> 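Questions regarding the structure given below will be posed in turn.
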Amino acid sequence: MTTDQFRPGAAAGSGPVPIPPLGRVGDRLMFLAEALRTFRSTGALAPSGEGLVNALVVPVTSRPDRPLSVLEVGAGTGAVTRRLARVLRPGDRLHVVEANPRFVRRLREDPDLGRLGPRIGLRLSACRLEELPECRPQAPNGGGPPGERYDVIVSGLPLTNFEPAEVRHVLDLYLRLLVPGGELTYFGYLGTTAARTLVAGPRRGARHRAVVRLLRRFEAVHGLGNRTVWRNLPPARAQLLRAPGGSALSHGPGCSEEAGRPKGPRPADAPGRPEGSDSSAGGAAAAAR
């Protein structure tokens, strides 16, 4: 595992470099190439679109009036990372975890992140989620460093590409890493259950459905709501969840649906959601790879 602290001028080359726009052609081509090479761990054919990015960063844009510690897992080419870097404030901290070495190189050379990173203590860990020190099993006597805990986690892992046991482990790690009352966002593409069964066969289709059921149970317990983003490629649904215990994030007056709070059924309605609205997260995987 390597961890980098972003510094001004960290971008490759010399002289001023234009800030890459969200979803630029180069990032789309890179995502497509990685999907063709390692689809299980990439889980998407293109970076998240602007509407989906907006839904995923809701806990940060409608936030309490205090410094936040944010973890992004599976950053891909940085569509969500760049948005987080723009909206976080001085004194906040952003920790990005990405395992794909090609995506890591893209993030390290991003001039936007190189410019904004020092303001928010941005650091990049080139590893899988479970390789973080705070995710390693503790000694039987409870020894070992507790590691950092986070107010917000934004996940880009393609969860329905994993085995159910792997997904359960990732979700357990998220709850362990969040402070009491901390918030988690992830997303899934719509209609992938039928497509997976048709393309990959009944065995993989059954595995996929098992993961979807696991996620629905998790959302029934911890979910705050969701937002469907039709203008994404493909359409996706972002989920907002809260860790148990303690107090919820005390959001400021900007916390409203107009400000981006996902709309959707409350947790009690979660089991009735259609199975086709799968929660396979897009972006590059940083766990269970």
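None of these values were measured; they are calculated from a predicted model.
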> Output the distance between atom CG (Leu214) and atom OG1 (Thr160), rounded to the nearest 0.5 Å.
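Leu214 CG to Thr160 OG1: 11.5 Å, rounded to 0.5 Å.
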
> Check whether any side-chain heavy atom of Asn54 sits under 4.5 Å from a side-chain heavy atom of Glu50, and report yes or no.
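In short, these two side chains touch, coming nearer than 4.5 Å.
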
> Parallel, tilted or perpendicular: which one describes the rings of Tyr189 and Phe187, with boundaries at 30° and 60°?
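Answer is perpendicular, since the angle exceeds 60°.
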
> Holding to side chain to side chain donor-acceptor pair (under 3.5 Å), I want the full list of residues that pass it with Thr81, two or more places apart in sequence or in another chain.
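Expected list: Glu72.
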
> Testing the basics here: between Leu107 and Gly78, what is the closest heavy-atom pair and its distance to 0.1 Å?
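Shortest heavy-atom separation between Leu107 and Gly78 comes out as CD2-CA, 3.6 Å.
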
> If I compare all heavy atoms of Tyr186 with all of Glu219, which pair ends up nearest, and what's the gap?
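Shortest heavy-atom separation between Tyr186 and Glu219 comes out as OH-OE2, 2.7 Å.
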
> Where do Arg106 and Thr77 come nearest, in terms of heavy atoms and distance?
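Arg106 and Thr77 have their closest heavy atoms at CG-O, 3.9 Å.
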
> Is the number of heavy atoms from other residues, nucleotides or ligands under 6.0 Å of Arg119 CZ greater than 12?
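Yes, because the 6.0 Å sphere around CZ of Arg119 holds more than 12 heavy atoms from other groups.
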
> Restricting to non-hydrogen atoms, name the atom on Leu175 and the atom on Pro244 that form the minimum distance, rounded to 0.1 Å.
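Looking at all heavy atoms of both residues, the closest pair is CD2-CD, 4.2 Å.
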
> Is there a side-chain hydrogen bond (donor to acceptor under 3.5 Å, both in side chains) between Tyr150 and Glu134 once you walk through the steps?
CA-CA 11 Å; Tyr150 301 90; Glu134 51 264 53; 3.2 Å; yes

> Output all residues satisfying side-chain contact (heavy atoms from CB on, under 4.5 Å) with Ile120, sequence neighbours left out; order by chain, then residue number.
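Ile120 satisfies side-chain contact (heavy atoms from CB on, under 4.5 Å) with Ala85, Leu88, Leu94, Leu122 only.
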
> When you measure from the side chain of Asp151 to the backbone of Ser69, do you find a donor-acceptor pair of N or O atoms at a distance under 3.5 Å?
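Here the side-chain-to-backbone pair exists.
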
> Please identify each residue that fulfils salt bridge (Lys or Arg N to Asp or Glu O under 4.0 Å) with Arg89, with sequence neighbours left out.
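Per chain and number, Arg89 pairs via salt bridge (Lys or Arg N to Asp or Glu O under 4.0 Å) with Asp65.
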
> Return yes if some donor-acceptor pair links the side-chain N/O of Arg63 with the main-chain N/O of Val58 below 3.5 Å, else return no.
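Here the side-chain-to-backbone pair does not exist.
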
> Who passes side chain to side chain donor-acceptor pair (under 3.5 Å) against His169, sequence neighbours left out?
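With sequence neighbours excluded, His169 shows a side chain to side chain donor-acceptor pair (under 3.5 Å) to no residue whatsoever.
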
> Do the non-hydrogen side-chain atoms of Arg203 and Arg207 ever get within less than 4.5 Å of each other?
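Side-chain contact under 4.5 Å: no.
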
> The criterion is side-chain contact (heavy atoms from CB on, under 4.5 Å); which residues satisfy it with Pro235, sequence neighbours excluded?
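Pro235 satisfies side-chain contact (heavy atoms from CB on, under 4.5 Å) with Leu190, Trp230 once adjacent residues are dropped.
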
> Would a single hydrophobic cluster contain both Val70 and Leu116, if residues Ile, Leu, Val, Met, Phe, Trp and Tyr are joined by side-chain heavy-atom contacts under 4.5 Å?
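No: no chain of side-chain contacts under 4.5 Å links Leu116 to Val70.
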
> I'd like to check the side chain to side chain donor-acceptor pair (under 3.5 Å) partners of Tyr174; sequence neighbours left out, ordered by chain and number.
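So Tyr174 forms a side chain to side chain donor-acceptor pair (under 3.5 Å) with Ser155.
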
> Between Leu241 and Glu183, is there a side-chain heavy-atom distance shorter than 4.5 Å?
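Not in contact.
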
> So which atom in Ala55 and which in Val229 form the shortest heavy-atom distance, rounded to 0.1 Å?
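For Ala55 and Val229, the tightest heavy-atom pair comes out as CB-CG2, 4.4 Å.
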
> Would Arg105 and Glu98 pass as an ion pair if we require N to O under 4.0 Å?
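No, this pair does not count.
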
> Minimum heavy-atom separation for Asp92 to Pro67, with atom names?
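Closest approach of Asp92 to Pro67: OD1-CA, 3.2 Å.
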
> Evaluate the criterion salt bridge (Lys or Arg N to Asp or Glu O under 4.0 Å) for residue pair Glu130 and Arg136; output intermediate values, then yes/no.
CA-CA 6 Å; Glu130 64 267 28; Arg136 294 169 185 162; over 6 Å; no

